[in-house]
Amino acid sequence: MTPAVSVRGLRKEYPGHVAVGGVDLDIGTGEVFALLGPNGAGKTTTVEIMEGHRKATAGEVRVLGEDPAGAGAGWRARIGIVLQTATDAAQLTVAESVRHFALFYPNPRDPEEVIEQVGLTDKARSRIKALSGGQRRRLDVALGIIGRPELLFLDEPTTGFDPEARRQFWALIRNLSETGTTILLTTHYLDEVEALAGRVAVLANGQILAEGTPAGLGGGARNEAIVRWRDENGRHEEKTPFPTKLVTQLSNGRELADLTVTRPTLEDIYLELIR
Ligand SMILES: Nc1ncnc2c1ncn2[C@@H]1O[C@H](COP(=O)(O)OP(=O)(O)OP(=O)(O)O)[C@@H](O)[C@H]1O
Ligand SMILES: [Mg+2]
């Protein structure tokens, strides 16, 4: 099977600054792959090179079998893009802009259905400039999927979404994934990664620090429990793979104040990785 995305030794240098410093990445057809990383890590740079919107300094990039830097309209019709910075066609209405974008593709989805899927039916006749930030973002998502893409790039798609909109969006992504769409998503929300992604890579300073399933990220560290308690000397915290044993030793029959035993969350693992 040909991977949907294959990247080898990707580098992107800006004057005096290395934004991406040698990245290897493979995304299989049908996967939902998440790219995590702090502000300035190089996520947007990497994704926009895959989309053909920026030129790499070095390295090899194949997206749906082609080099995005030289790919034509046929290739472009097979991918969908939601950029980090919102679109600007403020005078059009929601319905007009979705219908307009549909014209660019050979086999588009039904505009009304897509508007419904992103929860904008009530706003279909509103001008884009009259939308709230989250509603605009929903429109970006609508425009990203209208062309029935095989591969969908989503750069922080849910930034500004209210909790309900985020859940709606997750359902939409699962639905797209079930019908075979390959998805590359960047996000700062770790619950989103856990909810959606089959695989995740952590990028920091232009380098991939770790890669795996959301549950497997961090390896053995994921199995270490964090035991917290309080005594006359203050608050304490200890990491251990054997929390029951530790608590037994500590308490020695008496009550421990404010005792909690927790497993590290994906967020804990992530913060540890990028530290
Ligand atoms: N056009 C540009 N010219 C010069 N430097 C740039 C340019 N675009 C990005 N950079 C730099 O490259 C680095 C990576 O930026 P990038 O936008 O890829 O980060 P990111 O991971 O998407 O961050 P965020 O989470 O904030 O969106 C940053 O240090 C940024 O300042
Ligand atoms: Mg970005």
State plainly whether one hydrophobic cluster holds both Leu35 and Val200, where clusters connect Ile, Leu, Val, Met, Phe, Trp and Tyr through side-chain heavy atoms under 4.5 angstrom apart.
-> no
CG of Asp162 to CZ of Arg167, rounded to nearest 0.5 Å, is 11.5 Å
Would one find more than 12 heavy atoms of other residues, nucleotides or ligands at under 6.0 Å from atom CZ of Phe104?
-> yes
Nearest heavy atoms of Pro214 and Leu266, plus distance in Å = O-CD1, 3.7 Å
What distance do Asp122 atom CG and Gln135 atom CD have between them, rounded to the nearest 0.5 Å?
-> 9.0 Å
Are Ile128 and Thr93 close enough that some pair of their side-chain heavy atoms sits under 4.5 Å apart?
-> no
Hey, does the side chain of Lys43 reach the backbone of Val202 with a donor-acceptor pair shorter than 3.5 angstrom?
-> no
Which atom pairs, donor and acceptor, lie under 3.5 Å between side-chain atoms of residues 267-275 and protein residues at least two apart or in another chain?
from: Asp268; atom 1: OD2; to: Thr265; atom 2: N; distance (Å): 2.9
from: Asp268; atom 1: OD2; to: Thr265; atom 2: OG1; distance (Å): 3.3

Starting from the C-alpha separation in whole Å, work towards a yes-or-no answer on salt bridge (charged side-chain N to carboxylate O under 4.0 Å, His left out) for Glu224 and Arg263.
-> CA-CA 6 Å; Glu224 294 232 316; Arg263 298 281 169 188; over 6 Å; no
Would you check if Arg127 and Gln91 make a side-chain contact, meaning some heavy-atom pair closer than 4.5 Å?
-> yes
Do the side chains of Val63 and Ile49 join up, straight or via other hydrophobic residues, at under 4.5 Å, putting them in one cluster?
-> yes
With a 4.5 Å heavy-atom cut-off, do Ser132 and Arg137 have their side chains touching?
-> no
Does a side-chain heavy-atom distance below 4.5 Å link Leu83 with Asp140?
-> no
Spatial distance of atom OH (Tyr189) from atom CZ (Phe161) [nearest 0.5 Å] | 10.0 Å
Between side-chain atoms of residues 172-180 and protein atoms elsewhere (two or more places apart, or another chain), which donor-acceptor pairs fall under 3.5 Å?
from: Arg174; atom 1: NH2; to: Ala195; atom 2: O; distance (Å): 3.3
from: Thr179; atom 1: OG1; to: Asn175; atom 2: O; distance (Å): 3.1
from: Thr179; atom 1: OG1; to: Leu176; atom 2: O; distance (Å): 2.9

In one Ile/Leu/Val/Met/Phe/Trp/Tyr side-chain cluster, 4.5 Å: Val118, Ile183 = yes
Heavy-atom closest pair (Phe33 atom, Ala201 atom, distance to 0.1 Å) is CZ-CB, 3.7 Å
Check the surroundings of atom CD in Glu255: do more than 12 heavy atoms from other residues, nucleotides or ligands lie under 6.0 Å from it?
-> no
Would you please name every residue forming a side-chain hydrogen bond (donor to acceptor under 3.5 Å, both in side chains) with Glu211, sequence neighbours left out?
-> Arg199
Is the shortest heavy-atom distance from the side chain of Leu203 to the side chain of Thr46 under 4.5 Å?
-> yes
Step-by-step side chain to side chain contact (heavy atoms under 4.5 Å, CB included) determination, Val193 to Thr187 = CA-CA 8 Å; Val193 171; Thr187 182; 3.5 Å; yes
Carefully, step by step, assess Trp170 and Asp191 under the rule side chain to side chain contact (heavy atoms under 4.5 Å, CB included).
-> CA-CA 11 Å; Trp170 291 0; Asp191 58 343; 3.8 Å; yes
Are Pro149 and Tyr105 close enough that some pair of their side-chain heavy atoms sits under 4.5 Å apart?
-> no
Donor-acceptor pair, side chain of Asn205 and main chain of Gln207, under 3.5 angstrom = no
List the atom of Pro111, the atom of Ile146, and the distance in Å for their closest heavy-atom pair.
-> CA-CD1, 3.9 Å
Do Leu36 and Leu184 belong together in a cluster built from hydrophobic side chains that touch within less than 4.5 Å?
-> no
In terms of hydrophobic clustering (I, L, V, M, F, W, Y; side-chain heavy atoms under 4.5 Å; direct or indirect links), are Leu185 and Leu190 co-clustered?
-> no
Carefully, step by step, assess Glu237 and Arg235 under the rule salt bridge (charged side-chain N to carboxylate O under 4.0 Å, His left out).
-> CA-CA 7 Å; Glu237 182 178 312; Arg235 295 186 181 281; over 6 Å; no
If you look at every heavy atom in Ala204 and Ala41, which pair is closest and at what distance?
-> CA-CB, 4.0 Å
Approximate separation, where rounding is to 0.5 Å, of Glu238 CD and Leu250 CG = 6.5 Å
Could you please spell out the steps behind the side chain to side chain contact (heavy atoms under 4.5 Å, CB included) verdict for Lys123 and Arg138?
-> CA-CA 11 Å; Lys123 292 284 170 187; Arg138 295 181 192 208; over 6 Å; no
Taking side chain as C-beta onward, heavy atoms only, is Leu131 less than 4.5 Å from Val94?
-> yes
Show your reasoning for whether side chain to side chain contact (heavy atoms under 4.5 Å, CB included) applies to Asp258 and Trp229.
-> CA-CA 5 Å; Asp258 294 343; Trp229 73 98; over 6 Å; no
So which pairs with a foot in residues 142-159 pass side chain to side chain donor-acceptor pair (under 3.5 Å), sequence neighbours left out?
-> Thr44-Asp155, Arg78-Glu150, Gln84-Glu156, Asp155-Thr186, Glu156-Thr159, Glu156-His188, Thr158-Glu192
Rounded to the nearest 0.5 Å, what separation is found between the CD1 atom of Ile115 and the CG atom of Leu139?
-> 8.0 Å
Please round to the nearest 0.5 Å and tell me the distance separating atom CG of Leu246 and atom OG1 of Thr244.
-> 9.5 Å
Donor-acceptor pairs under 3.5 angstrom involving side-chain atoms of residues 17-28: please list them, not counting sequence neighbours.
from: Asp24; atom 1: OD1; to: Gly9; atom 2: N; distance (Å): 2.6
from: Asp26; atom 1: OD1; to: Arg8; atom 2: NH2; distance (Å): 3.3
from: Asp26; atom 1: OD2; to: Arg8; atom 2: NH1; distance (Å): 3.3
from: Asp26; atom 1: OD2; to: Arg8; atom 2: NH2; distance (Å): 2.7

Would you check if Leu259 and Val227 make a side-chain contact, meaning some heavy-atom pair closer than 4.5 Å?
-> yes
Salt bridge (Lys or Arg N to Asp or Glu O under 4.0 Å): which pairs involve residues 48-66, sequence neighbours left out?
-> Glu48-Arg54
